[in-house]
Structures are given as C-alpha cells and as structure tokens.
Amino acid sequence: MNLPFISAATCCIHRGAKNHSGDDTMLDLKLMQKNPELVRESLKRRGSTLDVQEFLTMDEKRKALIAEVEELKAERNKAGGEIARLKREKQDASEIMERMAVVSARVKELDGELNEVEAAEKEWLMAVPNIPHEDVPFGESEDDNPDVRYWGEKPTFDFAPKEHWELGAELDGLDFERAAKLTGSRFCVQKGWAARLERALAQFMLDTHVTEHGYTEMVVPTIVNRTTMTGTGQLPKFEEDLFKLENWEYYMIPTAEVPLTNLYSGEVLDEDQFPILFCAHTPCYRSEAGSYGKDTKGLIRQHQFYKVEMVNFAHPDHSYQALENMTACAETILKKLKLPYRVIELCTGDIGFSAAKTYDIEVWLPGQDKYREISSCSNCEDFQARRANIKFQPKDSKKKLYAHTLNGSGLAVGRTLVAVLENYQQADGSLVIPEALRPYMGGLEVVTP
RNA sequence: GGAGAGGUAGCGAAGUCCGGCCGUAACGCGCUCGACUCGAAAUCGAGUUACGGGUACCCCCCGUACGUGGGUUCGAAUCCCACCCUCUCCGCCA
C-alpha cells in the first residue's frame, strides 16, 4: 500500500474520526529532495548529527520501487477490466487470471518492500527538527542567546532578599513537604493566600488576553492521544519527557500548545479567519527526565504546574509580525505586574525542536539574583501544520497552503507567583500584593506572617 | 458495563444483500465561472478531492485513498477477522 508523504497518511495507530487524516511529515519532502543542502546546513547550525545523505538514498530506493510496482498495478487494472468483459461474454478468462496471479504476488512483495522504505523514511523525517529562520543567530548553547531588550527597574532591598520557597513557607503559603508526602518530589501544595494568588494570576492573565488582546478563551482536554502529541512535535522524539497513562495511548500534556494547536488538525481554514487567537489555562505535566539536580527546591521546576498558553494560527505572510505581537502580549502581563524582565532570542543551538524562531522572556528574581524564563514565544511556521495537516484556502489561488502556527506562554503561572513573591517581599517578612492583582484577591494588599 | 445504528468528496447522501462498465464517486447543498438582469434573487449552462510517480512550470498519463489494519480473490466500498471513532437507548456515576 502506498503511503503518501505529504497528505492523507496515517502513520499513527490512533486516528480520530475525520479530523486526524493528517500526515505527520515533519519537513517538506520536496524540500528534502530539491534542496538537501539547506536541510543539511540547518541541521549543522542546530548541532544535529542527522545525515541527509541517508535520507536521499532511501528516497531513491523508494522511487525505484514505486516505478516498478505501479507499472504492475497498471497492468493488473487493465487485466481486471478484460477479465470482467470476458466473463460477461461467457468466455474463458483463466489464462489472464493465471498470469495475474503471478503479477499480484509480485505486487504484494514489492508493496511490502515499499512499506518498509517509506516507514524508514518517515521515521527519519519525523526526527528532523524545524529549520530555523535565517535571521536566527548561530550559537551552540543557551550561553549564546543574545539579549533583545530589557524592561523595568530591578527592586532594591536594604536586606537580603529571600528565595521564594523560604518566604512562601514562612508565610504559610507553600508546603513542599506535604506535597512530597502525597506524591513525591517536584510537587507543591499551595494554601490560603498562595492558592488564591495562583487563581488570581491565572484569571488576571486570561482577562487581559481576552479583553485587551483579542484572544478567545478555551477549555481543552489535558490528556491527549498519540497523534495529537505527534502533531505538535512532542512525539516521537521526546516521549521520555511526557507522562503517559498506563494501558492507554494517552499522554498528559506538557503544555496547552498541544491541544490548542491540534484543534484544527486535518482541517482547512478560511483565509479571512486569520489571525486565530486562542488562549487557555491548563495544568501542564512534565517528567523532567534528565533535569536531576536542577532547581530541586521551589516552584521553578515542577512535575505539575499551571500555565496560560497563547496559540495563534496565522497567514504565512504575517506570522513573524504575529510572533512580535504575541511576545508583546506576554510582556504586557509582566508590565502590568511591574515585574522587571528581559527578552532574549534563542540561538540555533538552543531553539526548540518545532520552532523556527523563539523569544524567551526572563523575569528578574531577586532571591536568586538571576533572570529566569517565564515565557517562551515561538513561530513554528508550517512545521506543526504539516505534521497535523492544518491548511487554509487562499482567496487568490486554488491550491491549499499550510497555515503557520505560533505558541507562547502568557505566562507560566507558578513562575509568575515566584516572581511576585521575590520582587514584592518586604523587610518585615510580609508580601505586598501587586496592584493589578488586588481586584482578584478581594482587595487584599499585604500578606503578613 | 449491556443493546443497537453508523463512518463514502467542503457538507448531506446513494451504492454494500448478489465482488468487476461505482471513485475525475449517482442525487442534493455549498462554492467558482459564465448566460439572463440596471443590479440582485430565481433559472439555465460549465466547473469543483488529495497525494505520490512519470516530466521537479502547465497540460497530460499512471498509481493510491470508501474509519484503521489484516485476510480471501485474477479483482474488494462491497465478503471475512481485529481494532478505532461517532451517535441512540438501558445501567452506573461527579
């Protein structure tokens, strides 16, 4: 059976009724064929060791097999009509039938080989990361990410500012010990004001995006199937980062980007629907495999945290403007909270698998004396749209095109709570509630020990 | 958990019992273009799947796809097996 690469394939076991007919090809097959140098160069810039030649060899083999098998199939189809005619006319067709038995056996053989090559090719393609935009600066690691801009004044303290977990515990808001008892490490119980602050932040963020930025608020599943995880690029490569339900091909989302972006998988959008702006407040689950020893204390790196996520579907001509807009939306939250931050651009060595260009927003944490990531905004161009098969119908052409998808945190709620704690702490051990949040906190201005 | 119905183009839907002239897929809707009209509606006419391969522009030719995967057969939307999804009723449940 012939598995088309760019369209209606079905590499995944789980396939929704109608809207998951998407192929899960990662890169444009044609791009690989026509311009392998570009891909080779892109992989090199990312520091990947994937060998483009390996793919090209497979593709040659695939084409040769297709040529052979299709010739036989054409012959078989012709003979089929002939057999039908002879039988209708009550004539003997056994000679053709015998010959076709041989042809069919050969077809079956070749189809088997073809399937193997296509599966291997697909596996290879699925492991290729997106091609970074040509403007993305070269770099080998996060140390090479250039600053883009800074905002706000770092607060000054006439005492040694505490880290958030210390302050949170002293104010009886954060309880890591009991969370460890309930589950294990990297979980937290939030109590009283800290629980409400979490809710206030989420609500404040959602309200801002909905009423000021034009986003549509969504509630989506936070457990999704394998196809959905593949559509946005979490699978097949990063399975170990995910929590998976036992005995199910279901996964807990590491970000609402996954369900929000896949909302339109297998669909064709209207050009004038753009830009489509969705946001959602969801829990996020990450195994944090490989991060042993990193941020072991506090709320920074948890197995479960809440995030308000923004997802855009954009016209290819406007997706980079959309990325600037989305980043500004995330920054707005920090500005309203009066939290100092900086924006950096991820270099080729640090950019995520699915992204073509990414801005990270880092908030200032006085307790840690560092900027820490609180948002990441990416333009994935058509990378996810290909995998999830999200197209749109341009007005001025017949050909359907892939949409561009973007995603960004707006913001990670837990980390925002950390930033509020560390930036708004007072000498007497109390915590001032940022003005923007007070309406959501029943007017509360200060949390005291 | 029990019983039943269903999955075919952008949508609805025929075809499945009795395998082949039924997949550029009947019929209807929608959409595009044209005719009529001052213009519009109505009406009439024409067009309208995706991908892969040959030719890496178009045309054209060939192949594949009727939820998914397998089986039977010279040949499968149609017959057989397994699975997925949707809907209805019953039971249970926040």
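In what follows, chains carry the letters A, B, and so on, assigned in the order in which the sequence lines appear, proteins first and then strands, with residues in each chain numbered from 1.
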**OP:** Answer yes if the ring centres of A:Phe383 and A:His404 are under 6.0 angstrom apart, and no otherwise.
**Re:** no

Subject >> Atom P, compared across B:G63 and B:U24: separation rounded to whole Å >> reply: 10 Å

Subject >> Selection residues 273-291 of chain A - residue pairs positive for salt bridge (Lys or Arg N to Asp or Glu O under 4.0 Å), sequence neighbours left out >> reply: A:Glu288-A:Arg301

Original post:
In Watson-Crick or G-U wobble terms, both distances under 3.5 Å, what is the partner of B:C44?
Top reply: B:G34

Original post:
Paired with B:A82: which nucleotide, if any, by Watson-Crick or G-U wobble criteria at under 3.5 Å for both distances?
Top reply: B:U68

Subject >> CG on A:Asp360 to OG on A:Ser376, rounded to 0.5 Å >> reply: 4.0 Å

Original post:
Can you list the residues that meet the salt bridge (charged side-chain N to carboxylate O under 4.0 Å, His left out) rule with A:Arg85, with sequence neighbours excluded?
Top reply: A:Glu82, A:Glu89

Subject >> Nearest-angstrom distance, P atom, B:C90 to B:A13 >> reply: 24 Å

Residues 251-259 of chain A, side-chain donor-acceptor partners within the protein, below 3.5 Å, at least two apart:
unit_1, atom_1, unit_2, atom_2, d
A:Tyr251, OH, A:Arg226, NH1, 2.8
A:Tyr251, OH, A:Glu239, OE2, 2.8
A:Thr255, OG1, A:Glu257, N, 3.0
A:Thr255, OG1, A:Lys307, NZ, 2.8
A:Glu257, OE2, A:Gln384, NE2, 2.8
A:Glu257, OE2, A:Asn407, ND2, 3.3

Original post:
Can you list every salt bridge (Lys or Arg N to Asp or Glu O under 4.0 Å) pair that touches residues 182-210 of chain A, not counting sequence neighbours?
Top reply: A:Asp172-A:Lys191

Subject >> Distance test, side-chain N/O of A:Lys78 to OP1/OP2 of B:C61, below 4.0 Å >> reply: no

Close N or O pairs between protein and nucleotides 75-79 of chain B (under 3.5 Å):
unit_1, atom_1, unit_2, atom_2, d
B:G75, OP1, A:Ser104, OG, 3.1

**OP:** Determine the Euclidean distance between corresponding C1' atoms of B:G12 and B:G7; express it in Å to zero decimal places.
**Re:** 14 Å

Original post:
Between the side chains of A:Asn262 and A:Thr228, is a donor N or O closer than 3.5 angstrom to an acceptor N or O?
Top reply: no

Original post:
Just how far, in rounded Å, is C1' of B:U64 from CG of A:Leu110?
Top reply: 15 Å

Subject >> Side chain A:Glu70 and base B:G52 donor-acceptor under 3.5 Å >> reply: yes

**OP:** Could you tell me whether the phosphate oxygens of B:G20, OP1 or OP2, come under 4.0 Å of any side-chain nitrogen or oxygen in A:Asn77?
**Re:** no

Original post:
Whole Å only: how far is the NZ atom of A:Lys73 from the P atom of B:C61?
Top reply: 20 Å

Original post:
Is there a Watson-Crick or G-U wobble partner for B:C87 with both distances under 3.5 Å, and if so, which one is it?
Top reply: B:G4

**OP:** Please report, rounded to the nearest Å, how far the C1' atom of B:C74 is from the NZ atom of A:Lys108.
**Re:** 13 Å

Subject >> B:A77 to B:G19 separation - P atoms, rounded to the nearest Å >> reply: 13 Å

Subject >> ring pair (Phe, Tyr, Trp, His ring centres under 6.0 Å) pairs, two or more places apart, involving residues 184-205 of chain A >> reply: A:Phe187-A:His303

**OP:** Could you check A:Lys63 against A:Lys400 and say which one's nearest nucleotide on RNA chain B is further toward the 5' end?
**Re:** A:Lys400

Subject >> Gap separating the CD atom of A:Glu70 from the CD atom of A:Glu68, nearest 0.5 angstrom >> reply: 11.5 Å

**OP:** May I ask you to decide if the ring planes of A:Phe278 and A:Phe313 are parallel, tilted or perpendicular, using 30° and 60° as cut-offs?
**Re:** perpendicular

**OP:** Tell which nucleotide pairs with B:C29, taking only Watson-Crick or G-U wobble pairs whose two distances are both under 3.5 angstrom.
**Re:** B:G10

Original post:
How long is the line joining CD of A:Glu249 and C1' of B:C83, in whole Å?
Top reply: 13 Å

Subject >> Distance between P atoms of B:A25 and B:A42 (Å, rounded) >> reply: 26 Å

Original post:
Under a 3.5 Å cut-off for both distances, is B:U24 Watson-Crick or wobble paired, and to whom?
Top reply: none

**OP:** Using ring-ring contact (aromatic ring centres under 6.0 Å, His included) as the criterion, list what pairs up with A:Tyr306, not counting sequence neighbours.
**Re:** A:His281

**OP:** Starting at atom CG of A:Asp270, determine the distance to atom P of B:U32, rounded to an integer number of angstrom.
**Re:** 11 Å

**OP:** With heavy atoms under 4.0 Å as the rule, sort A:Ala101 into base, sugar-phosphate or nothing.
**Re:** sugar-phosphate

**OP:** Report the distance from atom CD1 of A:Ile66 to atom P of B:G63, rounded to the nearest whole Å.
**Re:** 14 Å

**OP:** Output yes when at least one side-chain N/O atom of A:Arg62 is less than 4.0 Å from OP1 or OP2 of B:G53, else no.
**Re:** yes

Subject >> salt bridge (Lys or Arg N to Asp or Glu O under 4.0 Å): pairs with one or both residues in residues 269-282 of chain A, sequence neighbours excluded >> reply: A:Asp272-A:Lys395

Original post:
What distance, rounded to whole Å, do you find between the two P atoms, one in B:U16 and one in B:G6?
Top reply: 13 Å

**OP:** Figure out the CD/C1' separation between A:Glu68 and B:G52, and round it to whole Å.
**Re:** 17 Å

**OP:** Quote, to the nearest angstrom, the P distance that separates B:A3 from B:A82.
**Re:** 15 Å

**OP:** Give one of base, sugar-phosphate or nothing for A:Ala74, where a contact means two heavy atoms less than 4.0 Å apart.
**Re:** sugar-phosphate

Subject >> Members of residues 82-93 of chain A that approach RNA chain B, where some heavy atom sits under 4.0 Å away >> reply: A:Ile83, A:Ala84, A:Lys87, A:Arg88

Subject >> Nucleotide B:C84, atom C1' - distance to CH2 of A:Trp248 in whole Å >> reply: 12 Å

Original post:
Which one is paired to B:C60, where only Watson-Crick or G-U wobble pairs with both distances under 3.5 angstrom count?
Top reply: B:G54

**OP:** Taking atom C1' in both B:A14 and B:U8, compute the distance separating them and give it to the nearest angstrom.
**Re:** 10 Å

